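Right, one structure below, let's go through it.
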Amino acid sequence: MTTETPRLTTPFTARTTAAEILDGVDLTGRRMIVTGGASGIGTETVRALARAGADVTVATRDPSKADGLVAEFAGPGPGVVRAAALDLADLASVDAFVTAWQGPLHALVANAGIMAVPTRQLTPQGWELQLGTNYLGHFALVRGLHDNLRAAGSARVVIVSSGAHLREPFDFDDPQFARQPYEPWSAYGRSKSADILLAVGIARRWAGDGITANALNPGYIHTNLQRHMTDETLRAFGVLDEAGNRIDLPYYKTPAQGAATSVLLAASPLVEGVTGRYFSDNQDQEVADGPEPTVGVAAHAVDPAAADRLWAYAEEALASR
Ligand SMILES: NC(=O)c1ccc[n+]([C@@H]2O[C@H](COP(=O)([O-])OP(=O)(O)OC[C@H]3O[C@@H](n4cnc5c(N)ncnc54)[C@H](OP(=O)(O)O)[C@@H]3O)[C@@H](O)[C@H]2O)c1
């Protein structure tokens with residue numbers, strides 16, 4: 001992620017599926033959590049990890065949504081899938097999840113997210129909902145599970161960000177849109193910049209505990225994430241036709257392809273020890289340049305000073321909730 005370290009390359013492409021990433025990899029005995037695992041990319045992440053033998057907990061607001069996934073792995077084959085309640089927008093729920101988790105944790109995939117919520121909504125703690133869910137909730141979760149990650153001896157944190165981080169740095173002056181007009185896409189982009197800074201912050205703090213952390217952009221995938229977008233906006237994006245049918249643009253991925261980079265970072269031996277980086281299409285990305293970059297990682301999202309400042313902001317936000 002930083003310019004000093006050489007980029008890691010893998011043999012995989014944008015079209016590689018999550019299952020292909022783990023071909024020949026045995027995850028038996030590894031305990032993992034995937035937030036938002038009952039839908040979209042998260043579901044395919046859970047499937048690939050469990051098929052390789054992992055014991056995966058789907059952390060979801062409504063555990064019954066994972067019933068089908070749990071049942072898929074209820075038989076004698078490799079892998080186990082469980083479901084547990086977690087509302088990232090409510091710290092009481094995050095605390096309850098952390099308290100209930102016992103024993104080591106080998107991988108935490110911070111996958112849950114919401115996008116472009118049309119109006120400024122607040123969490124029970126009074127935080128803007130996209131920041132509260134996508135970043136602050138995951139910060140509280142990962143910090144709460146630190147000892148469990150350390151207990152694994154070698155653990156990985158994977159943060160699902162987005163290419164939308166390129167449009168907006170985290171706004172330290174007004175992180176909650178308290179003084180400026182709320183803008184849904186800005187709030188999303190800023191929360192996703194914060195997510196990458198979270199990976200950098202963990203990498204800077206917890207390497208000595210055997211914990212690595214990396215962030216990623218999964219690409220474009222049709223999922224429930226687009227739930228807040230109107231048909232008009234979807235048409236403007238070119239992904240909905242006049243009859244209301246979904247259009248698969250050439251660069252769109254299937255959910256199984258969209259889950260590949262998460263799975264690579266959570267479990268592939270190819271990235272063992274790699275930390276503090278940002279991946280896209282299964283490749284380590286360089287810092288983007290130019291006025292309006294569309295690929296790579298923004299300098300504002302990998303700035304170590306910003307990562308430390310954001311960590312302090314989050315600590316303070318949690319302390320004063
Ligand atoms: N799809 C894309 O094109 C794309 C592109 C870039 C980045 N991403 C990122 O990829 C990740 C996965 O998104 P997706 O596309 O798979 O969308 P999705 O199908 O909507 O899945 C998102 C998941 O987040 C969960 N979630 C939302 N709010 C939550 C909360 N307060 N507490 C706990 N869980 C919550 C949802 O759970 P419920 O079932 O309870 O609603 C859902 O399972 C997100 O972080 C997203 O920003 C996606």
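Values reported hereafter were calculated over all heavy atoms of this structure, with side chains retained and with hydrogens, waters and symmetry mates removed. Order of appearance sets the numbers: ligands from 1, and atoms from 1 within every ligand. Treat the numbers as computed from the prediction; the structure is a model and nothing was measured.
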Record the part of R227 in heavy-atom contact with ligand 1 below 4.0 Å; permitted values are side chain, backbone, both and neither. side chain
among protein heavy atoms, the one nearest atom 44 (C) of ligand 1 is N111 O, 3.1 Å
Nearest-option assignment for atom 8 (N) of ligand 1, heavy atoms, candidates P218, G258, G37: P218
Pairwise side-chain contact, V56 with F73, heavy-atom cut-off 4.5 Å (strictly under): no
Do the ring planes of W311 and F139 sit parallel (below 30°), tilted (30 to 60°) or perpendicular (above 60°)? perpendicular
Looking at atom 19 (O) of ligand 1, what's its closest protein heavy atom, distance included? S39 OG, 2.5 Å
Quick test: of every protein heavy atom, which one is nearest to atom 32 (N) of ligand 1, and how far off is it to 0.1 Å? L88 N, 2.8 Å
Using heavy atoms and a threshold below 4.0 Å, how should the contact between F97 and ligand 1 be classified: side chain, backbone, both, or neither? neither
Would you check if L27 and H106 make a side-chain contact, meaning some heavy-atom pair closer than 4.5 Å? no
Min over G219, A85, S162 of heavy-atom distance to atom 4 (C) of ligand 1 lands on G219
Which residue and atom name correspond to the protein heavy atom nearest atom 40 (O) of ligand 1, and how close is it? R61 NE, 2.9 Å
Which residue from A66, A110, G113 reaches closest to atom 22 (C) of ligand 1 through any of its heavy atoms? G113
Suppose I only count heavy atoms of Y188 and a 4.0 Å limit; which atoms of ligand 1 are within that range? 7 (C), 8 (N), 46 (C), 47 (O)
Any salt bridge linking R205 with D308? Criterion: basic side-chain nitrogen under 4.0 Å from a carboxylate oxygen. yes
If you count every heavy atom of other residues, nucleotides or ligands that lies below 6.0 Å from F12 atom CZ, does the total exceed 12? yes
For ligand 1, the portion of T133 having any non-hydrogen atom under 4.0 Å away: side chain
Among protein heavy atoms, which lies nearest atom 9 (C) of ligand 1, and at what distance? V160 CG1, 3.7 Å
For atom 20 (O) of ligand 1, find the nearest protein heavy atom and state the residue, atom name and distance (0.1 Å precision). L225 N, 3.0 Å
